[in-house]
Amino acid sequence: MAHTMWSTCRWDTAETGPAPGQKQSPEELWRLEPWPWPGVLAGTHLSRMEVGLCRQHVHHVGSQLGAVGTRGSHALDGGEEDAHAFRGLQEDPSLERHFKGHRDAVTSVDFSLNKKQLASGSMDSCLMIWSMRPQMRAYRFVGHKDAVMCVQFSPSGHLVASGSRDKTVRLWVPSVKGESTVFRAHTATVRSVHFSSDGQSLVTASDDKTVKVWTVHRQKFLFSLSQHINWVRCARFSPDGRLIVSASDDKTVKLWDKTSRECIHSFCEHGGFVNHVDFHPSGTCIAAAGTDNTVKVWDVRMNRLLQHYQVHSAVVNSLSFHPSGNYLVTASNDSTLKILDLLEGRLLYTLHGHQGPATCVAFSRAGDFFASGGSDEQVMVWKTNFDAADYGEVLKTQKSGSSVDGTYHSLLSEMDCGVHLKKTKTQDSGRNQEQQQDSSLATTLEHIMGQLDVLTQTVSILEQRLTLTEDKLKECLENQQKIIQNKVN
């Protein structure tokens, strides 16, 4: 069992704190004025902030939509009418808050469940807890002896986990006292921490090439996964807690069975180090970001590459799925955030905000906000907006489909299992085990029916996507004919 200790970390009042020698109670700290946000207030539009509406694989943003939160008047190569018709379905994301308090690059961001707090980690060895409510000050937690590489709120929001280059993991209580328990998790830098959906387990990843699983209560070590041959950058639980996915500098993404503790599959399509990986909210897919400037999406049931995005011009550092599962936001060293439409397989928005590399990004639990951090020491909070008119029935169908049968193993393997059980029943029909066989067959048929429901839902989604594509293609052709007629006239 890892050694644990309780430490109370100081409240750092930074530049706008009380005068030397002046004492403040916790209640007084809560009443301090907001952190100074230079140049940016909620709803403020900056001229340097641009949003691009682009198509998949288009590297150069062909049109500038002006300030964040406004609609543009210039179109891409499809013509102004086509762009306007598409943008009519959605609103542009907008900058809501702008936090500055870190003294070095921001490495990680995460929202609490109720969106009242936002946690960020930094190379300055500090953890910051920002209040999303007005007139509230931020907490700066000091305890790690080196850079904080990762932070995450527990599902309940009562704890914040942080991993550091000092080889430790700390579990903080996000309150004015700043209490934390610390344990030596690895023999090298801790790159990633992630809570299971029930909040009972914690998975960590490290430069010591291992992935480790711990109990949150008492921080008891459970087991280690150690098939990577280079630094492990990221590890995540699946939504149902059955699987673990890990990303490494050995250029692989590995999928692990939590119960058997064995590697189910290794995805080797990345041409560079893999910086970040995460599960789709349905648990059926994973997405990974790498130093080869790409984002890849795989189906973990079929172990098949589904989508490949090459929309950034530099290393992709981080990504986050929208809770609906329809969008993916990415952060890159090219200083941009990009929002991908996964249903249509295209780049939707390009956001310019950070001065220098954008190092991390995360959606809130409800998806109505997302936060980003950068090497410019800033944390930005954006209002999503574009998910308000979210493909209506397609979204409902997808949610319905993703809720059918919680099994995330290969569909083919389950179908093969069903055939095998049927054959076994035929061969053993002369034996006195018919009741057990009937029970096994009924269970198998239930699994098969569940998978057939999933396939039916998938086909329905594909049909609706095809209908959307046909409608847009028809509009484009009509616009093209109008343009030709105008030129002739």
Q. Less than 4.5 Å apart, any side-chain heavy atom of Glu96 and any of Met132?
A. no

Q: State whether Asp368 and Lys115 are salt-bridged, where the test is any N-O pair (Lys NZ or Arg NE/NH1/NH2 against Asp/Glu carboxylate O) under 4.0 Å.
A: yes

Q: Applying side-chain contact (heavy atoms from CB on, under 4.5 Å), run through Asp292 and Lys296 and close with a yes or a no.
A: CA-CA 11 Å; Asp292 58 359; Lys296 291 181 170 67; 3.7 Å; yes

(Q) What I want to check is whether the side chains of Asp334 and His312 have a donor and an acceptor closer together than 3.5 Å. (A) yes

Q: State whether the side chain of Asp110 and the backbone N or O of Gln152 hold a donor-acceptor pair below 3.5 Å, judged by distance alone.
A: no

**Q.** Backbone of Glu262 reached by a side-chain donor or acceptor of Asp257 within 3.5 Å
**A.** no

Q. Using 30° and 60° as the class limits, which term best fits the ring planes of Phe370 and Phe386: parallel, tilted or perpendicular?
A. tilted

Q. Do Asp341 and Glu344 have side-chain heavy atoms sitting under 4.5 Å apart?
A. yes

Q. Does some side-chain heavy atom of Pro239 sit less than 4.5 Å from a side-chain heavy atom of Phe279?
A. yes

Q) Checking Ser192 side chain against Cys234 main chain: does a donor-acceptor pair fall under 3.5 Å? A) no

**Q.** Partner of Asp207 by salt bridge (Lys or Arg N to Asp or Glu O under 4.0 Å), out of Arg165, Arg191, Lys167
**A.** Arg191

Q: Could you tell me the separation between the NZ atom of Lys258 and the OG atom of Ser196, rounded to the nearest 0.5 Å?
A: 7.0 Å

**Q.** Trp214 and Ser201: side chain donor to acceptor below 3.5 Å
**A.** no

Q. Checking Ser112 side chain against Gln117 main chain: does a donor-acceptor pair fall under 3.5 Å?
A. yes

Q. Judged by modelled atom types alone, do Ser226 and Ser224 share a side-chain donor-acceptor pair under 3.5 Å?
A. no

**Q.** Polar contact flag, side-chain donor to acceptor under 3.5 angstrom, Ser94-Trp382
**A.** no

(Q) Between Asp250 and Lys254 (salt bridge meaning N to carboxylate O under 4.0 Å), is one present in this structure? (A) no

Q.
Whether the His322 and Thr384 side chains hold a donor-acceptor pair (N or O, under 3.5 Å, no angle test) is what I'd like checked.
A. no

Q: Heavy atoms only: give me the nearest Ile339-Pro93 pair and the separation to one decimal.
A: CD1-CG, 4.2 Å

Q. Is there a donor in the side chain of Thr252 and an acceptor in the side chain of His270, or the other way round, less than 3.5 Å apart?
A. no

Q: Could you pull out the closest heavy-atom pair between Leu340 and Thr330, with the gap in Å?
A: CD1-CG2, 4.4 Å

(Q) Within this structure, what is the SG-CD distance for the pair Cys476 and Glu478, rounded to the nearest 0.5 Å? (A) 9.5 Å

Q. So, the side chain of Arg261 versus the backbone of Leu225: is there a donor-acceptor pair under 3.5 Å, distance only?
A. no

Q: Quick one: do Trp231 and Ser248 satisfy side chain to side chain donor-acceptor pair (under 3.5 Å)? Show the steps, please.
A: CA-CA 6 Å; Trp231 295 357; Ser248 169; over 6 Å; no

Q: Using a 4.5 Å cut-off on heavy atoms from C-beta on, say whether the side chain of Phe237 contacts that of Arg242.
A: no

Q: Would you kindly say whether Asp278 and Ser320 are connected by a side-chain donor-acceptor distance under 3.5 Å?
A: no

Q: Taking Arg140 for its side chain and Gly101 for its backbone only, find out whether a donor-acceptor pair lies under 3.5 Å.
A: yes

Q | Worked check of side-chain contact (heavy atoms from CB on, under 4.5 Å) between Val109 and Val379 | A | CA-CA 8 Å; Val109 291; Val379 175; 4.2 Å; yes

Q: For side-chain contact (heavy atoms from CB on, under 4.5 Å), just list the numbers for Phe369 and Phe111, CA-CA rounded to whole Å, side-chain angles, deciding distance to a tenth of an Å, and then say yes or no.
A: CA-CA 9 Å; Phe369 292 94; Phe111 284 94; 4.0 Å; yes

Q) CG of Asn326 to CG of Leu343: how many Å apart, nearest 0.5 Å? A) 4.0 Å

Q. So, for Val160 and Leu127, which heavy atoms are closest and what is the spacing to 0.1 Å?
A. CG1-CD2, 4.2 Å

Q. Where do His144 and Trp172 come nearest, in terms of heavy atoms and distance?
A. CD2-CZ2, 4.2 Å

Q | Donor-acceptor under 3.5 Å (Ser164 side chain, Ala147 main chain) | A | yes

**Q.** Note, Val245 side chain near Val253 side chain (heavy atom, < 4.5 Å)
**A.** yes

**Q.** Test log, rule side-chain contact (heavy atoms from CB on, under 4.5 Å), inputs Arg233 and His276
**A.** CA-CA 7 Å; Arg233 297 275 180 176; His276 196 96; over 6 Å; no

Q | Polar side chain donor-acceptor pair, Thr350 to Lys338, under 3.5 angstrom | A | yes

Q) Can you tell me if Ser335 and His352 form a side-chain donor-acceptor pair at under 3.5 Å? A) no

Q. Would you call Lys100-Glu377 a salt bridge at under 4.0 Å N-O?
A. yes

Q) About how many Å separate CZ of Arg103 and OG of Ser122, when rounded to the nearest 0.5 Å? A) 10.0 Å

(Q) Checking the side chain of His280 only, and the main-chain atoms of Gly325 only, is there a donor and an acceptor separated by less than 3.5 Å? (A) yes

Q) Taking the side chain as C-beta and beyond, is there a heavy-atom pair between Leu306 and Trp298 under 4.5 Å? A) no

(Q) How long is the straight-line distance from OG of Ser238 back to CD1 of Ile244, given to the nearest 0.5 Å? (A) 8.0 Å

Q: Provide the closest heavy-atom pair for Ser318 versus Thr359 in the form atom of the first, atom of the second, distance.
A: CB-O, 3.7 Å

**Q.** Polar contact flag, side-chain donor to acceptor under 3.5 angstrom, Tyr349-Asp92
**A.** yes

(Q) Tell me whether Glu269 contacts the main-chain N or O of Leu305 through its side chain, where contact means a donor paired with an acceptor under 3.5 Å. (A) no

Q) Are Thr291 and Asn275 close enough that some pair of their side-chain heavy atoms sits under 4.5 Å apart? A) yes

Q) Are side-chain N/O atoms of Asn317 and Asn333 paired as donor and acceptor at under 3.5 Å? A) yes

Q: Starting at CG of Asp104, measure out to NE2 of His102 and round the result to the nearest 0.5 Å.
A: 10.0 Å

Q. Going by distance alone, is a donor N or O of one side chain under 3.5 Å from an acceptor N or O of the other, for Trp256 and Ser246?
A. yes

Q: Look at the aromatic rings of Tyr139 and Phe141 and report parallel, tilted or perpendicular, splitting at 30° and 60°.
A: parallel

Q) Which heavy atom in Val190 sits nearest to a heavy atom in Thr168, and how many Å separate them? A) CG2-O, 3.9 Å

Q) If we only count heavy atoms from C-beta on, is the Thr294 to Val316 side-chain gap below 4.5 Å? A) no

Q) With no hydrogens and no angle check, is any side-chain donor or acceptor of Ser206 less than 3.5 Å from a backbone partner on Thr189? A) yes

Q) Going by atom types only, do Thr210 and His228 share a side-chain donor-acceptor pair under 3.5 Å? A) no

Q. Just wondering, are more than 12 heavy atoms of other shown residues or ligands nearer than 6.0 Å to CD1 in Ile229?
A. no

